[in-house]
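A short write-up of the structure that comes next.
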Amino acid sequence: MSTDKVLAPAVARASAVLDLLARAGRPVALAELAKTLQLPKSSLHGLCATLEHLNLITRLDGGQMALGPHVMMWANAFMARLDITQEFFASWDDMRVLPEETITLSVRDGAEVVYIACRNGKHPLGLQFSPGMRLPAVYTATGLAMLSTLPDASVRRLLDTLPGGWPAPLTDHGLRDTASAIAELRQIRQRRYSTDREAVRDGMYCFGAPVFDSRHPEAVAGVAVSIRSLEANPALEARAGHAIRQLADRLSERLGASR
């Protein structure tokens, strides 16, 4: 693990520990933390003891560690600051379009999306979305929608400098390199909504759109609706795309965006 010289190293190491535990989605042993983060066990032991004391991590009976309850306070504060989660659900219900389908709200964290609000629909998709879930942005409708609001040069820098290279495919579908991603993002800008055709899950199509606020030129969030691919047809896809674009515009207006 490398830390930028302008940062406080201890804070950067603590953040790296919390990030690793969040991405793992399971309890992690100290030895695995040390190996992955390339930190000495001695210093990592003291750091984790401090994080445990602050309730930022929880140590299980077997000695493994997981995120602690204090993290949820930060997550709740973040969602409250966005002030769009309740509006997200209420606006979709008011629109009365595809009411039984799955809808999601996410934000972008680098080359990943983090889901912050989800309502899984009545039609099974073979995948349950949940708050805190992370997926590669290039495979998701919300991720592509948000990336489409960045200049091509910024997208190239982001995707060409990923530490682990191009994200591992989730299915046999989806984009496979930066060039194809740039081409897709240009189409999204013209269409004004994004599509994920089985890139996240076989049998699932998603349609997404970016959400803006009054301060940033790029998207601050993304919304999507998911349907089963066996039900997809041109008319339904156009309807889903138009509906999710309407929802994104309504949320953007709620956040003070002028567009």
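As the structure is a prediction and not an experimental result, all values here were calculated from the model. Starting from 1, each residue takes its place in the sequence as its number.
- Annotation for V223 and V211: closest pair CG1-CG2, 4.0 Å, computed over non-hydrogen atoms.
- Within the 3.5 Å criterion, the main-chain N or O of L125 finds no donor-acceptor partner in the side chain of R228.
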Practice problem: Any chance you could lay out the side chain to side chain contact (heavy atoms under 4.5 Å, CB included) test for H70 and L54, step after step, and finish with the verdict? | Solution: CA-CA 8 Å; H70 194 72; L54 297 172; 6.0 Å; no

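- Checking side-chain atoms of S154 against main-chain N and O of L150 turns up no donor-acceptor pair under 3.5 Å.
- At least one side-chain heavy atom of V28 sits under 4.5 Å from a side-chain heavy atom of R26.
- Once rounded to the nearest 0.5 Å, the distance linking CG of L39 with CG of L33 reads 9.0 Å.
- A donor-acceptor pair under 3.5 Å links the side-chain atoms of W166 to the main chain of L175, judged by distance alone.
- Atom CD of Q38 is separated from atom CG of L44 by 12.5 Å, given to the nearest 0.5 angstrom.
- Annotation: the span from L159 atom CG to I182 atom CD1 amounts to 7.0 Å, rounded to 0.5 Å.
- Counting non-hydrogen atoms of other residues, nucleotides and ligands closer than 6.0 Å to NE2 of H173 gives a total above 12.
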Self-check item: Chi angles and distances behind the side chain to side chain contact (heavy atoms under 4.5 Å, CB included) call for S106, F129
Solution: CA-CA 11 Å; S106 65; F129 289 97; over 6 Å; no

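- No donor-acceptor distance shorter than 3.5 angstrom exists from the side chain of S130 to the backbone of M133, with no hydrogens or angles considered.
- For the pair H45 and L30, the minimum side-chain heavy-atom distance is below 4.5 Å.
- The shortest heavy-atom contact between A232 and E237 is CB-OE2, 3.8 Å.
- With hydrogens and angles ignored, the 3.5 Å screen pairs no side-chain donor or acceptor of S15 with any backbone N or O of V11.
- Atom CD of E100 and atom CD1 of I227 lie 13.5 Å apart (nearest 0.5 Å).
- Linking Ile, Leu, Val, Met, Phe, Trp and Tyr whenever their side-chain heavy atoms come within less than 4.5 Å puts V155 and L135 in one cluster.
- Panel note: side chain E218, backbone T149; no donor-acceptor pair is recorded below 3.5 Å.
- Side-chain heavy atoms closer than 4.5 Å link hydrophobic residues (I, L, V, M, F, W, Y) into clusters, and following such links, possibly through other members, connects V114 to I103.
- Under a cutoff of 6.0 Å and an axis angle of 45°, R245 and Y193 do not form a cation-pi pair.
- No option in T102, D93, T104 other than D93 meets the side-chain hydrogen bond (donor to acceptor under 3.5 Å, both in side chains) test with R119.
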Quiz item: Run the side chain to side chain contact (heavy atoms under 4.5 Å, CB included) check on V220 and M146 step by step: do they pass?
Solution: CA-CA 8 Å; V220 296; M146 287 185 278; over 6 Å; no

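- Counting only heavy atoms from C-beta outward, the side chains of T50 and L56 never approach each other to under 4.5 Å.
- Checked by atom type and distance alone, the side chain of D213 pairs as donor or acceptor with a backbone atom of H216 at under 3.5 Å.
- By the 4.5 Å heavy-atom criterion applied to side chains, L251 and F88 are counted as neighbours.
- Using a 4.0 Å cut-off between charged nitrogen and carboxylate oxygen, R254 and D249 do not count as a salt-bridge pair.
- If you check the side chains of T178 and D160, you find a donor sitting under 3.5 Å from an acceptor.
- Counting only heavy atoms from C-beta outward, the side chains of T58 and M65 never approach each other to under 4.5 Å.
- Checked by atom type, the side-chain pair D177/S180 shows a donor-acceptor distance below 3.5 Å.
- Contact annotation: the side chain of I116 approaches that of V107 to within less than 4.5 Å [non-hydrogen atoms, C-beta and beyond].
- S91 and R250 get closest at one heavy-atom pair: OG-CD, 3.2 Å.
- Hydrophobic clustering (side-chain heavy atoms under 4.5 Å, transitive across Ile, Leu, Val, Met, Phe, Trp, Tyr) groups L147 together with L170.
- Judged by distance alone, with hydrogens and angles left aside, the side-chain atoms of S43 form a donor-acceptor pair with the main-chain N or O of P40 at under 3.5 Å.
- The nearest pair of heavy atoms linking A145 to S194 is CB-OG, 3.6 Å.
- A distance of 12.0 Å separates CG in L67 from CG in N55, rounded to the nearest 0.5 Å.
- Counting heavy atoms from C-beta outward, L37 and L20 have side chains that approach closer than 4.5 Å.
- To the nearest 0.5 angstrom, R191 atom CZ is 9.5 Å from S148 atom OG.
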Exercise. Quick one: do L105 and W92 satisfy side chain to side chain contact (heavy atoms under 4.5 Å, CB included)? Show the steps, please.
Key: CA-CA 11 Å; L105 170 68; W92 185 257; over 6 Å; no

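- Taking every heavy atom of both residues into account, V225 and I244 meet most closely at N-CD1, 3.7 Å.
- Other residues, nucleotides and ligands place more than 12 heavy atoms under 6.0 Å from the CG atom of N233.
- Under a hydrophobic clustering in which Ile, Leu, Val, Met, Phe, Trp and Tyr are joined whenever their side-chain heavy atoms come within less than 4.5 Å, directly or via other members, V200 and Y205 fall into different clusters.
- Side chain of T142 to main chain of G222: no donor-acceptor pair is present (N/O by atom type, distance under 3.5 Å, no hydrogens or angles).
- Between the side chain of R201 and the main chain of G126, a donor-acceptor pair closer than 3.5 Å is present.
- In this structure, M204 is a member of the same hydrophobic cluster as Y115, with clusters built from ILVMFWY side-chain heavy atoms closer than 4.5 Å.
- Taking all atoms of both residues into account, the shortest heavy-atom contact from A141 to A224 is CB-CB, 4.2 Å.
- Between L158 and R108 there is a side-chain heavy-atom pair separated by less than 4.5 Å.
- Residue H123 places its NE2 atom among more than 12 non-hydrogen atoms of other residues, nucleotides or ligands, all under 6.0 Å distant.
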